[in-house]
Amino acid sequence: MHIAKWRAGAFVIFLAIVPFLPWANEHRDELIIIGLFAILAVGLTLVMGYAGQLVLSQAAFYGLGAYTSAVLTVNLKWPPLLALPIGMVVAGLIAWAAARLLFRLQGAALALASLGFGIVVYTILGQWDEITRGQQSLTNIPKLEILGFVFKGDLEYYYLVWAVVLLVMLLSFNIINSRVGRAFRALRGSEIAASALGVNTRAYKIQVFVLAGTFAGLAGGLYAHFRGVLSPPTFGWPVSIEVVVMVAVGGVASIWGAPFGAAAVLLITPLLRELFRGTSAAASGIENILYGLALVVIMIFLPQGLLTGAGSWWSYLWNKIRGGRKVGGSGFRSAAADGVVAEAAPLRASDEMAQPRKD
Amino acid sequence: MASNLSLELIWQFCVYGLNTGAVYALVALGFVIVYQITGFVNFAQGEFVMLGAMLTAWPTSSLKWQIWYATPFAIIVTVFIGLLLERFCIRPAEKRNANAMTVVVITLGAGIAIKGVALSLWGPEPYSLAVFNKGSFKIFGAVILWQNLWQLGATALVGGLFLFFFTRTLIGRAMRACSINRYAARLMGISPRFMSSVAFGLAAAIGAVGGIVIAPTAGGASWDMGTRLGLLGFVAAVLGGWSYGGAVAGGFLLGVMEQLAIGVTDRNWSRFQDAFAFILLLLVLLWRPGGLFARKARETSRAGL
């Protein structure tokens, strides 16, 4: 566990100094948004990377948490500190109800049904003007206040959000290193084998989905009290897909990868914008092209994500330098950071049956 | 419920629904063929629809091309792009034994890139495409545009060609073998790689046809039209249980239900219309998790999505 502790410490120190770094000190609200998406991505990592289910509904729970907390504080004048956990609970409860229905499905049908669920939630949030004020957007959401301390500035909020990210990551690490986590990994390897070994696959899938939904609800509440304004497109279905992309880019079975994936995806757009300096259609088209191609290239050459991929290259090089023999075969598949399942495991046992070739 | 709802009006909405449904069916067929042969869901399928529409609308309005040679041009270019997608995005991933989620992200990325190309080449404004034949006629009181017949006809034609292709031609039968069991098909001398190229080519062609016939009545062709149509085509494919016939039926069902739901509800409910297709999807999947026309569960090549 030495390396893990060292790495965690380095990560915390890095987070502490980031808001003072040259470019970042002018973009603190982007850092906050990255933190919120890191929470969404950690939740989805548990569902996708550990339980092996592709779901496209994170944005819906993000929106439910945000709107519950906002409506309670704006319409009913509840204190934010009380409304925020209620938002989490509401998101979690709806996730539980949705999961009970959705997890009758598998594979592509599950992915699409969860996307459809997200679209239904989004449409309700956007059109139910009486409560959410839909298209006019909900304004004047109060700032978060804890024991008389109001989180007004970006810097305080940055530390709050990233502290929550660390908590969520810690909780997730504890889960995946427990008995439940081993069940998840069995589930991902092969659902049939796992259930043959006595793992109640459906119950585990529902639990992990509810956990991810609750995380998303928390992130949503934090977003609402940070921005002070909510409008529905923030929670539309493309956002769910973006979270999937973050998880994939960070490394699908890596909790460490989630914040990196969120940062990579959210920073690539402003970065490309700096490069092209233009708001014309052509410029934003080129942005899209580069973003799309980057995804394709990353997924082809580093299918375990940027972080794990970079880690395996690093350990490959390190072994070269020390003159040791190569670890594993190709350098792509040799990563073995602790707590990280590195092999690109097939989704089902039948995958390997169907693809024995290597020609 | 609107009070002035007559049978005639319902019939008219059904006709509208059949027309949009015909296009959903075409898009769904593109999803199904790729899924059947390769086991992957191609999230860039909607962009083939957009390319078909754009590549017809742009030369006819800017270069004054005639529709009869703009259409084959659009289909051929789209097929070419479909083959490129398979060759440079899917095949390298397959070589590295990528799992289905990785491929989902790859096709998403490719779709975003294709959209980006369209946006930078043609800009954000939609290009209008004239209807192929002007005018309309009535069947039992419902107005039908001649363009609508083109839409229905394209679906019927593609459906017929599919039937012929998969039952009567060698390559079609080889593809079916491939979708039943890749490994066994390979042992029989069929190249799954070649079949996957053919699948992507066909999917691109069908998508392009769908885009070309819908553009005139859908307010023209624009760079982002593929997202919505792709999504609804995906819904139709899942509704139909990933079979060819099911996809067509699912497309028509989706189109008709969507139009009826919009038609019979008043403002209080119709504002939720974007959710109707998905509520239908969720209800059907809860009732029959494998889709409406799912036959007995069968192992396809890489069916874990």
Side-chain angles (χ1 to χ4, degrees), chain A residues 48 54 101-102 104-113 115-117 119-120 122-124 126-129 237-238 241 244-245 248-249 252 281-301 303 332 344-348 350-351 353-358, chain B residues 35 39 41 88-89 92-106 108-124 181-183 186 223 227 231 234-235 237-238 242 271-275 277-279 281-282 285-286 289-291 299 301-305:
Chain A
M48 261 173 72
L54 178 60
L101 302 176
L102 289 177
R104 293 181 193 182
L105 309 171
Q106 290 179 334
L110 173 63
L112 183 64
L115 185 69
F117 170 77
I119 292 174
V120 172
Y122 164 74
T123 311
I124 293 172
Q127 301 295 331
W128 198 11
D129 301 335
W237 63 270
I241 290 187
V244 171
V245 169
V249 167
V252 80
S284 73
I286 291 170
E287 246 176 71
N288 274 337
I289 297 172
L290 291 177
Y291 176 65
L293 288 183
L295 281 183
V296 172
V297 169
I298 290 170
M299 284 296 105
I300 290 176
F301 294 104
F332 285 117
L347 278 182
R348 286 172 58 170
S350 60
D351 291 4
M353 303 289 286
Q355 251 201 336
R357 60 161 212 269
K358 201 79 191 144
Chain B
Y35 184 79
V41 177
F88 292 107
C89 298
E94 228 182 346
K95 251 190 202 162
R96 293 178 169 77
N97 276 325
N99 64 28
M101 279 185 206
T102 311
V103 176
V104 166
V105 179
I106 289 175
L108 273 175
I112 294 171
I114 292 174
K115 253 161 83 169
V117 172
L119 180 60
S120 42
L121 282 182
W122 298 305
N181 189 329
R182 278 171 84 87
Y183 191 44
R186 221 176 114 72
W223 67 285
T227 313
L231 197 59
F234 188 11
V235 171
V238 172
W242 294 107
R271 58 182 167 158
F272 296 108
Q273 58 171 278
D274 289 341
F278 296 94
I279 292 172
L281 171 83
L282 289 171
L285 287 180
L286 295 178
E299 291 287 305
S301 46
R302 248 162 294 159
L305 187 123

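Protein chains get the first letters and strands the later ones, always in sequence-line order, with residue 1 at the start of each.
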Would you call the rings of B:Trp242 and B:Tyr35 parallel, tilted or perpendicular, taking 30° and 60° as the class edges?
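B:Trp242 and B:Tyr35: parallel rings.
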Interface moiety of B:Trp122 toward chain A, non-hydrogen atoms closer than 4.5 Å
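Neither; nothing under 4.5 Å.
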Sort B:Ile279 into side chain, backbone, both or neither according to what part of it lies under 4.5 angstrom from a heavy atom of chain A.
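Contact with chain A is through both the backbone and side chain of B:Ile279.
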Pick from [options] with the largest number of heavy-atom pairs that fall under 4.5 Å of chain B:
options                                : answer
A:Val245, A:Val244, A:Ile124, A:Val297 : A:Ile124
A:Ile119, A:Ile286, A:Leu290           : A:Ile119
A:Val249, A:Thr123, A:Leu293           : A:Thr123

Under 4.5 Å between any side-chain heavy atoms of A:Leu115 and A:Leu112, yes or no?
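A side-chain contact exists here, since the closest heavy-atom pair is under 4.5 Å.
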Just so I know, are the side chains of A:Leu110 and A:Leu54 near enough to count as touching, which here means a heavy-atom distance under 4.5 Å?
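Heavy-atom side-chain distance check fails, nothing below 4.5 Å.
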Could you have a look at B:Val103, B:Leu281, B:Val235, B:Ile106 and say which one has the most heavy-atom pairs with chain A under 4.5 angstrom?
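Looking at each of B:Val103, B:Leu281, B:Val235, B:Ile106 in turn, B:Ile106 comes out on top.
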Could you tell me which of B:Phe88, B:Trp223, B:Phe278 has the largest number of non-hydrogen atom pairs under 4.5 Å with chain A?
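It is B:Phe278.
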How close do [X] and [Y] get, counting heavy atoms only, and between which atoms?
X        : Y        : value
A:Asn288 : B:Gly116 : CB-CA, 3.5 Å
A:Val296 : B:Ala110 : CG2-N, 3.5 Å
A:Ala108 : B:Val41  : CB-CG2, 3.8 Å

Checking A:Arg104 side chain against B:Leu286 main chain: does a donor-acceptor pair fall under 3.5 Å?
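Yes; at least one donor-acceptor contact below 3.5 Å.
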Could you tell me which portion of A:Val252 (side chain, backbone, both or neither) has an atom closer than 4.5 angstrom to a non-hydrogen atom of chain B?
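Side chain of A:Val252 only, per the 4.5 Å heavy-atom cut-off to chain B.
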Please classify the contact of A:Ala113 with chain B as side chain, backbone, both or neither, using a heavy-atom distance under 4.5 Å.
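For A:Ala113, backbone and side chain are both near chain B.
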